[in-house]
Amino acid sequence: FFPNAQSYRSKTLDASYRDHEKEKKRGYCQRVVQVEHGTMTPLVFMSTGGASKETTTVIKKLASEIAEKKGQKYTHVVAKQLIRTHLLKL
């Protein structure tokens with residue numbers, strides 16, 4: 001989402017992130033739980049590069065697991081993940 005849009009100016013960034021997370025959960029969570037028998041964490045990014053707290057937690061968890069599995073430094077894996085994530089948004 002674009003945080004400088006008129007519709008977001010009256011909200012804090014945290015409130016905007018929460019709203020987008022709730023919207024994605026409403027749209028997908030029920031299906032994931034009932035059909036896939038799994039869990040879902042929505043990934044919410046700003047068009048300017050920011051990420052929600054849940055998204056940041058997922059990226060850190062993935063980076064930690066990848067670093068451990070491949071014997072790489074955590075900081076290098078995080079940097080690669082963030083670069084990939086930002087390139088996907090382009």
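Start at 1 with the first residue, then count along the sequence.
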Spacing of Tyr8 atom OH and Phe1 atom CZ [to the nearest 0.5 Å] =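 If we round to the nearest 0.5 Å, Tyr8:OH and Phe1:CZ are 6.5 Å apart.
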ask   = What distance do Glu21 atom CD and Ser16 atom OG have between them, rounded to the nearest 0.5 Å?
value =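 One gets 11.0 Å once the value is rounded to the nearest 0.5 Å.
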ask   = Any chance CD of Gln72 has more than 12 other-residue heavy atoms, nucleotides or ligands included, within less than 6.0 Å?
value =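 Yes - once you tally the heavy atoms of other residues, nucleotides and ligands closer than 6.0 Å, there are more than 12.
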query = Of the non-hydrogen atoms in Ala63 and Val78, which two are nearest, and what is the gap between them?
reply =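 The pair with the smallest heavy-atom distance is CB-CG2, 3.4 Å.
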request  = Could you tell me whether the side chain of Tyr74 reaches within less than 4.5 Å of the side chain of Lys60, counting heavy atoms only?
outcome  =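 Of all side-chain heavy-atom pairs linking Tyr74 with Lys60, at least one is under 4.5 Å.
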task = Could you tell me whether Lys61 and Glu65 make a salt bridge, using a distance below 4.0 angstrom between a side-chain N and a carboxylate O?
result =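 Salt bridge present between Lys61 and Glu65.
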query = Do other residues, nucleotides or ligands put more than 12 heavy atoms under 6.0 Å from Tyr28 OH?
reply =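 No, because the 6.0 Å sphere around OH of Tyr28 holds 12 heavy atoms or fewer from other groups.
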inquiry  = Among Arg26, Lys24, Lys25, exactly one meets side-chain contact (heavy atoms from CB on, under 4.5 Å) together with Lys22. Which residue is that?
reply    =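 Option passing the side-chain contact (heavy atoms from CB on, under 4.5 Å) with Lys22: Arg26.
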query = Going from SG on Cys29 to CD on Gln34, what distance comes out if it is rounded to the nearest 0.5 angstrom?
reply =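 That separation rounds to 9.5 Å.
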ask   = Can you tell me if Glu54 and Thr41 form a side-chain donor-acceptor pair at under 3.5 Å?
value =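 No donor-acceptor contact under 3.5 Å links the two side chains.
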ask   = Any donor and acceptor pair, going by atom type alone, linking the side chain of Thr55 with main-chain N or O of Ala51 inside 3.5 Å?
value =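 Checking the backbone N and O of Ala51 against the side chain of Thr55, no donor-acceptor pair under 3.5 Å is found.
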ask   = Which value, rounded to the nearest 0.5 Å, describes the distance between Gln30 atom CD and Met40 atom CE?
value =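 It comes to 12.0 Å.
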task = Start with the C-alpha distance between Ile66 and Lys80, add both sets of side-chain angles, then the distance that settles side chain to side chain contact (heavy atoms under 4.5 Å, CB included), and finish with yes or no.
result = CA-CA 11 Å; Ile66 291 169; Lys80 286 179 192 175; over 6 Å; no
task = Please report the shortest heavy-atom distance between Gly50 and Tyr17, naming the atom on each side.
result =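 Nearest pair, atom of Gly50 first, then Tyr17: C-OH, 3.2 Å.
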request  = Side-chain contact test, heavy atoms from C-beta onward, threshold under 4.5 Å: evaluate it for Val32 versus Thr39 and give yes or no.
outcome  =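 In short, these two side chains do not touch, never coming nearer than 4.5 Å.
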task = Would you give the length of the straight line joining atom CG of Asp14 to atom NZ of Lys53, rounded to the nearest 0.5 angstrom?
result =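 Going from the CG atom of Asp14 to the NZ atom of Lys53 covers 4.5 Å.
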ask   = At what distance, to the nearest 0.5 angstrom, does NZ of Lys11 lie from CZ of Arg18?
value =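 Here the interatomic distance stands at 10.0 Å.
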